[in-house]
Amino acid sequence: MKITALLVLKCPGEGSDPVILANALDVSHFGYFQRSSVKEFIVFVGRTVASRTPQGQRQSVQHEEYKVHAYNRNGLCALGFMDDHYPVRSAFSLLNKVLDEYQKSFGESWRNTQADSTQPWPYLNDALTKFQDPAEADKLMKIQKELDETKIVLHKTIDSVLARGEKLDSLVEKSSDLSAASQMFYKQAKKTNQCCTIL
């Protein structure tokens, strides 16, 4: 999963080209002689997709193994160039954060911008590095990842208990915590389940 570029553009509407307000690129995984062409391609595709994304809309455009995700919020548009494996929910969560941070940093001054900005915006470069891991962009994904890790630890613990030769049946027999009725229920349920698994 890789983010190649993040862009913030002003989308004035029909007939006008979008204006690049900020961009961050990581083309290090391309060949040295391809990098300038890739940068030009990113700018071209970024303007094209931004101009065709209606206000208040989100869209994803696939090109070979890459996706361009765009989110236009009232004329301020964020774009992310990511590989096909980057989760869509994380991508749009990231674009939403980028727009929030841009408006927090620059307010409404972007509405008066007429030409592409060449001034770097450090947050965007940091975001490009930080959000290479989709779990950083999407809190739900981060929680799910932690739960999956916990589940793996639980499975390993149960497996290690069984690996020592202790069987659940013998533990139930030895347990003084279980009443006779609970032990009988366990044995009856086990017999019933064995019958069902044969079918």
Q: Does Thr129 use its side chain to pair, donor to acceptor, with the backbone of Asn125 at less than 3.5 Å?
A: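 At least one qualifying donor-acceptor pair exists.
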Q: About how many Å separate CG of Leu99 and SG of Cys77, when rounded to the nearest 0.5 Å?
A: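 Answer for the SG-CG pair, Cys77 versus Leu99, is 7.5 Å.
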Q: Working to the nearest 0.5 angstrom, can you tell me the gap between Asn23 CG and Ile42 CD1?
A: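 Asn23 atom CG to Ile42 atom CD1 measures 9.0 Å (nearest 0.5 Å).
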Q: Residues in side-chain hydrogen bond (donor to acceptor under 3.5 Å, both in side chains) with Thr48, at least two apart?
A: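 Expected list: none.
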Q: Identify which one of Val98, Thr4, Leu6 satisfies the side-chain contact (heavy atoms from CB on, under 4.5 Å) criterion when paired with Leu128.
A: Leu6
Q: Are Ile3 and Phe81 packed together at the side-chain level, in the sense that at least one heavy-atom pair is separated by less than 4.5 angstrom?
A: no
Q: Using the test side-chain hydrogen bond (donor to acceptor under 3.5 Å, both in side chains), find all partners of Gln34 that sit at least two apart in sequence or belong to another chain.
A: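 Here no residue qualifies.
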Q: According to ring-ring contact (aromatic ring centres under 6.0 Å, His included), does anything in residues 11-43 pair up with another residue at least two apart or in another chain? List the pairs.
A: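 Residue pairs with at least one partner in residues 11-43: Phe41-His63.
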Q: Trp121: what forms a ring-ring contact (aromatic ring centres under 6.0 Å, His included) with it, not counting sequence neighbours?
A: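 Scan of Trp121 (ring-ring contact (aromatic ring centres under 6.0 Å, His included), adjacent residues dropped) gives Tyr102, Phe106, Tyr123.
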Q: Ignoring hydrogens and angles, tell me if any N or O in the side chain of Lys10 forms a donor-acceptor pair with the backbone of Thr113 under 3.5 Å.
A: yes
Q: Got a sec, which pairs hit side-chain hydrogen bond (donor to acceptor under 3.5 Å, both in side chains) with one end in residues 66-75, sequence neighbours left out?
A: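 Found Ser60-His69, Arg73-Asn96, Arg73-Asp100, Arg73-Gln103.
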Q: So how far is it from Leu21 CG to Leu7 CG, rounded to the nearest 0.5 Å?
A: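 If I round to the nearest 0.5 Å, the distance is 10.0 Å.
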Q: Tell me whether Val19 shares a hydrophobic cluster with Phe44, the cluster being built from Ile, Leu, Val, Met, Phe, Trp, Tyr side chains joined at under 4.5 Å.
A: no
Q: Does Val68 reach the side chain of Gln62, with side-chain heavy atoms less than 4.5 Å apart?
A: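 Heavy-atom side-chain distance check fails, nothing below 4.5 Å.
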Q: Does anything in residues 102-113 pair up under salt bridge (charged side-chain N to carboxylate O under 4.0 Å, His left out), and if so which pairs, sequence neighbours excluded?
A: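 Listed by first then second residue: Glu101-Lys104, Glu108-Arg111.
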Q: Let me check something: do Leu25 and Val49 share a hydrophobic cluster, defined by ILVMFWY side-chain heavy atoms less than 4.5 Å apart, either directly or through other members?
A: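 Linked within one cluster.
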Q: Taking salt bridge (charged side-chain N to carboxylate O under 4.0 Å, His left out) as the cut-off, I'd like each qualifying pair that reaches into residues 34-52, sequence neighbours left out, listed once.
A: Arg47-Asp116
Q: Which pair of non-hydrogen atoms, one from Ala91 and one from Met82, has the smallest distance, and what is that distance?
A: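 In this case the closest contact between Ala91 and Met82 is CB-SD, 3.5 Å.
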Q: Compare all side-chain heavy atoms of Leu95 with those of Leu79 and state whether any distance is below 4.5 angstrom.
A: no
Q: Quick one: does Asp83's side chain get under 4.5 Å of Lys2's, heavy atoms only?
A: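 Asp83 reaches Lys2 side chain to side chain.
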Q: Identify, with sequence neighbours excluded, every residue that meets side-chain hydrogen bond (donor to acceptor under 3.5 Å, both in side chains) alongside Arg58.
A: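 None.
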Q: Does one hydrophobic cluster hold both Val38 and Tyr86, with members joined at side-chain heavy-atom distances below 4.5 Å?
A: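 As far as the 4.5 Å side-chain criterion goes, Tyr86 and Val38 are not connected within one cluster.
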Q: Test of understanding: with side-chain hydrogen bond (donor to acceptor under 3.5 Å, both in side chains), list the residues that count as partners of Ser28, not counting sequence neighbours.
A: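 Only Asp26 meet the side-chain hydrogen bond (donor to acceptor under 3.5 Å, both in side chains) criterion with Ser28.
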